[in-house]
Protein chains: 2
Amino acid sequence: MAAERSGGGDPARTIALLWRKPPEPKPVGRKPKVSVDQIITAAIAVADREGLGAMSMARVAQELTVGTMSLYTHVPGKAELIDLMADAVLQERDLTSDGTWRDRIKHYADRTRAVYQAHPWMRDVSMVRPPLGPGLMDGQEFVLAALADAGLEPRHVTTAHIAVEGFVHGAAASEVDDQQLEEKTGESGDSWWGARQLFWDDYFDVERYPTMTSLWNAGAYDTGGTLSDTVRDSFDYGLEKLLDGIEGGLR
Amino acid sequence: MAAERSGGGDPARTIALLWRKPPEPKPVGRKPKVSVDQIITAAIAVADREGLGAMSMARVAQELTVGTMSLYTHVPGKAELIDLMADAVLQERDLTSDGTWRDRIKHYADRTRAVYQAHPWMRDVSMVRPPLGPGLMDGQEFVLAALADAGLEPRHVTTAHIAVEGFVHGAAASEVDDQQLEEKTGESGDSWWGARQLFWDDYFDVERYPTMTSLWNAGAYDTGGTLSDTVRDSFDYGLEKLLDGIEGGLR
DNA sequence: TATTGTTTCCGTATGGCCTACGGAAATGGG
DNA sequence: CCCATTTCCGTAGGCCATACGGAAACAATA
C-alpha cells in the first residue's frame, strides 16, 4: 500500500527535522555514532537499490553498522523518515528560472521526472499531505510563479497549480512504475506484455472491442520504440495540451 | 509500497481467472467451501473497510470463516487476488455512450473517480501492467472510441489515450489519498493542515516564497469549501483544459 | 459397505516487519 | 571518582506471505 507517512508523530518535531533546525548543543553525554543526514542518505541508498519495501529500519541500521533501535534516537519513526527522504530528493531538482512560463513548467516537469527516475520509490510516497520541507516548497513556489507570470487570476493560479502538479507527479509516477516493477520482478515491461500474448490469442473479442481492433489494423500500435518511449511521448503530449488549454483560457 | 501484482505467477492462470473461465467440472472430490467470487468479494470488503494494508490472506480467510491456506486452492496468491479485485471494481463503472466525445470522456472520468471513492485502496494498485480483464478492457475501448470519434489520427488516438488515462487515474488517486489517510489516521485533511499551522508561523519565509505570499494576500486561498472540494474543482479544470488542448490540436 | 482416487481444507513453520521498553555503555563536569 | 545526561541496542510481542504435507470429504467402483 502507499507507504504511511508522518501520521501520529508530533508535527513540530518532523518540521524541525525537515528544515534541519539544529538541536540545542548537548555538552555532555555519549557522542552520537550517526547523524540524521547519514540516516536519510543511507535510507535513500537502500530504497534506490532495493525499493521502498526493502527500506526497513533494520536494513538501514545494517547499512550504517548500527543497532536498529539506535535510529529511533534521531528520527521519530519510519513514516517521518520517509518524509525526510522525499523532501531530500525533491531538493535535487535544483530549478532554474529561464524562459517563458511554459518553458519553466516544462523544466519543472523534466526535473521532477528525473527525480522519479533516480528514485523510483517516490511512486509510493503520497503527495497529498506532503512533507512541508524546502524541497517541496521550492517546487511549489516555482510552479506558482510560472503560472502567475502566465497572467492567470490569483484564484485560477491555485486551481491550475493543483492540476499541473497532479499531472506531473502522476505522469512521473506512472512512467517509473514500469522500471520499478522491472527491478522487483526482473522482467521488463515488453517481456511482461509478451508473456501475455495468449490474451490476445485466446481472450480478445474483436466484436466487443471494435475500436481497439481497427486501431490495431491501422498500425497505431506499431510504434517502433520501447514501451517506455511511448509512455514518455504521451506525457509530453499531455502536458503540452494541458498548457495549451490553460493558455487558451486566457484569451 | 505499491502493492505487488501478478508477478511470478502463470499469466495464463491469472487471465483465465480474470475472465472467469470456468474450470473443467470436477465430478469427484471434496466440495469447495468457498468460490473465487466469494474470495474476491470478501477481499474487497476488507480493503474497503480497512485499507489494502489490512487485506491479508489471513484476514480474508477469517472473513469467510475458512483456514488461511484454503484460499490458495482457488487463487494463486495475494498479487493475483489484487488483480482480480481491481478488475472487479473497474467493472462497476458501467459506462454508457451518450453525448459528444467530450461528454463521454468526462463521463468516464466521473465513473472512474467514483470507483476510487468507493474503493480508495485502488490508489495503491499500479495500472502500468494492468490486469487484462473485462473491467480494464471495457474502459480502454470506451476512451479510445471517444477519442477516435473526436477525429484524431489513429496514431494520435493512442498517444492521447495514455495521457487521458494517466490524468484520470492520477487525479482520482490523488483525490482519494486524502480520504484514505483520514481513515487510517483518523485525522481529516483540514485538521492535518491545521496541526501544521506552526509551519506557517515559525518556518515560512516570506522572502523565499514571494509568489505564495502575494497569492495568499490576494485571497487566492480563501476558497470557502473544504480541501476535497478544492481538489475536485482543480481536476475538473485540468481535464477541461486537457480536452481543450486536444480539441485545439485538431484545428 | 469398503476401497480407491481425487480434490479441498488447513496446521505448522520459516523468516521477515515495526517499535515499546528498559538497561548498558559512553561522556564531560564537578 | 561519581553522577547526570545522552546514546546505543537486545529483547519481545504481534503482525505478514506462503511452502509443505497430511487430514478430511466426496463420488465412483467393487
Side-chain angles (χ1 to χ4, degrees), chain A residues 1 3-10 13 22-36 38-39 42-43 46-47 50-83 121 124 184-185, chain B residues 1-10 13 22-36 38-39 42-43 46-47 50-83 85 121 124 184-185:
Chain A
M1 72 256 94
E4 326 210 359
R5 287 194 15 265
S6 63
D10 175 19
R13 170 93 189 274
E24 58 263 34
K26 311 262 175 55
V28 301
R30 187 171 179 168
K31 294 277 179 265
K33 284 175 72 173
V34 288
S35 67
V36 174
Q38 283 173 345
I39 293 172
V46 171
E50 305 168 42
L52 199 57
M55 197 285 288
S56 67
M57 296 304 269
R59 184 74 191 70
V60 173
Q62 191 189 57
E63 192 86 357
L64 295 165
T65 54
V66 166
T68 307
M69 292 313 292
S70 304
L71 303 184
Y72 288 88
T73 304
H74 306 281
V75 162
K78 192 186 185 186
E80 290 81 1
L81 176 54
I82 293 175
D83 274 8
W121 46 268
D124 301 317
K184 192 145 45 187
T185 66
Chain B
M1 73 258 100
E4 327 210 357
R5 289 195 10 267
S6 62
D10 175 18
R13 171 93 189 274
E24 58 263 35
K26 311 262 175 57
V28 301
R30 186 171 179 169
K31 294 274 182 271
K33 283 175 73 172
V34 288
S35 67
V36 174
Q38 283 172 343
I39 293 172
V46 171
E50 305 169 42
L52 199 58
M55 197 285 288
S56 66
M57 298 302 270
R59 184 74 190 72
V60 172
Q62 190 189 56
E63 192 84 359
L64 296 164
T65 55
V66 167
T68 306
M69 292 313 292
S70 304
L71 303 184
Y72 287 88
T73 304
H74 307 280
V75 162
K78 192 187 184 184
E80 290 81 2
L81 176 54
I82 293 174
D83 274 7
M85 294 165 65
W121 47 267
D124 301 318
K184 192 145 44 187
T185 66

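Numbers restart at 1 for each chain; the letters A, B, ... are given by sequence-line order, proteins then strands.
The separation between A:L52 atom CG and C:dC17 atom P is 13 Å, rounded to whole Å. Rounded to whole Å, atom P of D:dC8 lies 9 Å from atom CG of A:L71. Computed from coordinates, the A:Q38 CD to D:dT7 P distance equals 14 Å when rounded to whole Å. The CD atom of B:Q62 sits 13 Å away from the P atom of C:dG11 (whole-angstrom rounding). The separation between B:L64 atom CG and C:dC10 atom C1' is 14 Å, rounded to whole Å.
Sequence neighbours left out, the pairs with a member in residues 57-71 of chain B that pass side chain to side chain donor-acceptor pair (under 3.5 Å) are B:R49-B:E63, B:E50-B:R59, B:R59-B:Q62, B:R59-B:E63.
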With sugar-phosphate taken as primed atoms, P, OP1 and OP2 and all else as base, the protein-contact string of nucleotides 22-30 of chain D at under 4.0 Å (heavy atoms; B, S, -) is --BBBSS--
Scoring nucleotides 11-18 of chain D by protein non-hydrogen atoms under 4.0 Å (B base, S sugar-phosphate only, - none) yields -----SSB
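Annotation: the terminal axes of the helix from C:dT1-D:dA30 to C:dG30-D:dC1 meet at 30°, where each axis is the rotation carrying the C1' atoms of four end pairs onto the next four (5 pairs per end, rounded to 10°).
Taken from CE in A:M55 to CH2 in A:W121, the straight-line distance is 8.0 Å, to the nearest 0.5 Å.
Using a 4.0 Å heavy-atom cutoff across all strands shown, A:V34 reaches sugar-phosphate atoms only and no base atom. Residue contacts for A:V75: at a heavy-atom cut-off of 4.0 Å it reaches no nucleic acid atom on any strand shown.
For A:S35, the side chain to side chain contact (heavy atoms under 4.5 Å, CB included) test picks out A:D37, A:Q38, with sequence neighbours left out. Considering only residues two or more places apart in sequence or on other chains, A:P32 meets the side chain to side chain contact (heavy atoms under 4.5 Å, CB included) condition with A:H74.
In summary, of the residues considered (B:V60, B:L81, B:V36), a side chain to side chain contact (heavy atoms under 4.5 Å, CB included) with B:L71 occurs for B:V60 alone.
Remark: B:S70 is in phosphate contact with C:dC10, judged by side-chain N or O atoms under 4.0 Å from OP1 or OP2.
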